[in-house]
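This report concerns only the one structure given below.
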Amino acid sequence: MAYSDKVIEHYNNPRNVGSLDKKDPNVGTGLVGAPECGDVMKLQMKINPDTRVIEEAKFKTFGCGSAIASSSLATEWVRGKTVEEALSIKNTDIVRELSLPPVKIHCSVLAEDAIKAAISDWKKKAGEGDPAAQTSAAQAHS
Amino acid sequence: MSAAGELDDVECRELSRLAKKSLRKSYMSSTKTQTGAAPAQACWNCNAVAGGGHFCAACGKIQPLADGADYFAFFGLPQKLKIDEAGLEQRFHQLSWKLHPDNFVKASEFERNLALERSSELNDAYRTLREPVLRVEYLLLREGVRKEGTTKQQAPPELLEEVFELNESLDELRTARNDGGDLSGLRVRLGEAQKNFQEKLEEIDAELLHVFSEWDKSVDAGADDNERRKQMAKLNEVLNRRSYIRNLVRNVAQELEA
């Protein structure tokens, strides 16, 4: 399978690899996975509770190049965005940016799910939000 | 970097190679099977109704493969998932002998080709049906429930934490190996994790057998399409979880042996 240049670039120089303190009340953690290729993706964001701006984003992904590139790109995109802006990122945006082939679309879906899961986790910690709405958003792809 | 290497689709490809091959066949013929019972095929040789078997019921000549026939039908089996594997093997040997191209050396080129075609189908069908996982994958591919690359696969959410930790340990082991560090502690930890996930795999296999029975019951009961779809979705879900865990167990085994 031939990867696009952008995927290879992210794979070789992944942005924001690492982790944040899971217990920090301002940190939201999203852990998502897909079988078959065995991908697991952890995406964490540090969110300013006053401005609702995502100040920091880290990821760790075990999986193929496309999954790593998708999550790397996701951390780049969410940084500096508000929670609401980050929630509007669609997996199709990632597909377009990275020129993912059809068999790798699930990697971008995983990245979108990870963003939503991380924000949902943060909202839960902050005592806001409607977890049911988050779940249905994450399931909209299935 | 935490890339666990290219685990990619090699396994998926391998597992579904046979099933896809036959799927293509069934796609090509699906329009015919949907219009109801397949038209009674006349024997190419004697024009009698051939009876749908490997050989004409009247003149005994070898017959072309029927449109839309599946691997189950090839062995004269219903589309059930619990199979008497010893009986299947026996039937395979009988058919191998009957369809063997050596029996057709003096026959026409047309018949020799039919024998070749049927022998090859026999081998594919047997290899697929004798393995429970390949068997159910085949059924789901054929019914359009499972598609390569497009179906969203869901990891078992209750295991994600453990899966992630296991991957981190694997990563640590690789790093420590490269740096010449002490591996013994890590090996013990991974060995325990491996045992744990092996047990989970066995639990899933038991669950798979249970949904096999449920499916077979609904086949026996002549369940409607709705019920069939529901059962197949369940089968698909268990399969997805299984392949996830199986990949993990395999990766850990590889790393521990390395």
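On a predicted model such as this, the values are computed, not experimentally measured, just so you know. Chain A is the first sequence line, chain B the second, and so forth, proteins listed ahead of strands; every chain is numbered from 1.
Residues meeting the side-chain contact (heavy atoms from CB on, under 4.5 Å) test with A:S88, sequence neighbours left out: none.
Contact check for A:F62 versus B:E168: side-chain heavy atoms found under the 4.5 Å cut-off.
Rounded to the nearest 0.5 angstrom, B:N167 CG and A:K60 NZ are separated by 9.5 Å.
Applying the salt bridge (charged side-chain N to carboxylate O under 4.0 Å, His left out) rule to pairs touching residues 6-23 of chain A yields A:K6-A:E97, A:E9-A:R15, A:R15-A:E76, A:K22-B:E161, sequence neighbours excluded.
In the displayed structure, A:D5 atom CG is contacted under 6.0 Å by at most 12 heavy atoms of other residues, nucleotides or ligands. By the neighbour-count criterion of 12 heavy atoms within 6.0 Å, atom NZ of A:K46 is sparsely surrounded, having that number or fewer from other residues, nucleotides or ligands.
Scanning all heavy atoms of the two residues, the minimum distance from B:L160 to A:V32 falls at CD1-CA, 3.7 Å.
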